[in-house]
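By convention in this document, chain letters (A, B, ...) are assigned in the order of the sequence lines, proteins followed by strands, and residues within each chain are numbered from 1. Computation of the quantities below employed the complete heavy-atom set of this structure, encompassing side-chain atoms and omitting hydrogens, waters and symmetry-equivalent molecules.
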Amino acid sequence: MSHPEDLRVLERSVYRAHFDDGLVDLLFGVVVLAWGAGLILGIAYLGALAAGVSVTLWPVLRQRISHPRTGHVELSRSRRSREGRKALASVAAGVALLALVAIVASGVGGSFTRTPLDSVGAGLGGFLLALPALLVMAATGVGRFGVHAAVFVVCGLLGMLGVLSLEVSVLAGGMAVLALGAVQLLRFIRTHPLPGG
Amino acid sequence: MRDFQWHGDLDRLIHEPARLAIVSLLAVVETADFVFLLDRTGLTGGNLGSHLARLEGAGYVEVEKRIVQRRPQTIYRLTEEGWYAFDRYRRHMGAVLADSHHPDGGNHPSGPRRDKTFRSEE
């Protein structure tokens, strides 16, 4: 405790613990899954709807699942304002990227012969989804989001190679991240039993 | 005993490891509840409660009790006095540790020898 750096390390560790419950991963997976399903079903707003529901649901789930186990903490004012700005930027970037995926999907869908551009387009969904995952990793310092980014890149590659269509590659990425989130949540519940429970 | 005069100046309330952990945690957040401190410090409920009571008694920590979703929640916050005491303690310990280098470059006869890299850095 002799150096200010020690407190910064402690503060970062407290902040990172916010993501130990895997709820962000789970909800991110749900949004991507809904977006993929929306692309397949032709319901463009399904992803946006899921995003809205997820953002609303996150604090409620934290209150129900995480707070009884790891307690409630109010981060420092500087951290909160920094995170607020990052969250706004991430939401804006996410909406822009998913809109781009939807546009690409509508352009690629319907063509029977695959041109090189179609191949790139089919992989674009996964590659673009890797970007917000990398942004979240950079912003939070939680390495798990790097794994999500890698999953999306693999889905993008499978799309590019023609193994998966753009819609299915997005859907597969969403399912994989949802599963990783569920595993993380189960691990969190197992390692943090309810006090006195 | 003059060489160890710093012993007497040290804030012993904060110097105790469990209380140092509590105060350090409260120093990096705005507020925290009892469960959070329990989870992060690894102390038992009774132990944590008694340390928090001592810190509250010294005016280093303030307590707020509230009801969240029909459940009682006890929130702790480091007071301004607590902040200054913690800052003073950190400076004090920093100075003590900075002065604690062994005159032989850290090579005590009964201790492990430092490697060359460590010496060259010094």
Enquirer: Is Leu78(B) reachable from Val63(B) through a run of hydrophobic residues whose side-chain heavy atoms are each under 4.5 Å from the next?
Expert: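 Yes: a chain of side-chain contacts under 4.5 Å links Val63(B) to Leu78(B).
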Enquirer: Non-hydrogen atoms of chain B under 4.5 Å away: do they reach the side chain of His67(A), the backbone, both or neither?
Expert: backbone
Enquirer: With a 4.5 angstrom heavy-atom cut-off, which part of Arg77(A) approaches chain B: side chain, backbone, both or neither?
Expert: both
Enquirer: Do other residues, nucleotides or ligands put more than 12 heavy atoms under 6.0 Å from the CZ atom of Arg54(B)?
Expert: no
Enquirer: Does the distance from a Lys or Arg side-chain N to an Asp or Glu carboxylate O, for Arg91(B) and Asp87(B), drop under 4.0 Å?
Expert: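 Answer for the salt bridge query: yes.
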Enquirer: Could you look at Arg40(B) and say if it's the side chain, the backbone, both or neither that has a heavy atom under 4.5 Å from chain A?
Expert: side chain
Enquirer: Which region of Leu25(B), side chain (C-beta onward) or backbone (N, CA, C, O), has a non-hydrogen atom less than 4.5 Å from a non-hydrogen atom of chain A, or is it both or neither?
Expert: both
Enquirer: Below 4.5 Å from any heavy atom of chain A, which atoms of Asp39(B) appear? Answer side chain, backbone, both or neither.
Expert: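 Just its side chain gets close to chain A.
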Enquirer: Taking the six-membered ring of Phe19(A) as reference, does the cationic atom of Arg16(A) (NZ for Lys, CZ for Arg) lie under 6.0 Å from its centre and within 45° of its axis?
Expert: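 No, Arg16(A) and Phe19(A) do not form such a contact.
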Enquirer: Applying the 4.5 Å side-chain criterion to the ILVMFWY set and letting contacts propagate, would Val68(B) and Leu37(B) be lumped into a single cluster?
Expert: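 Val68(B) does not cluster with Leu37(B).
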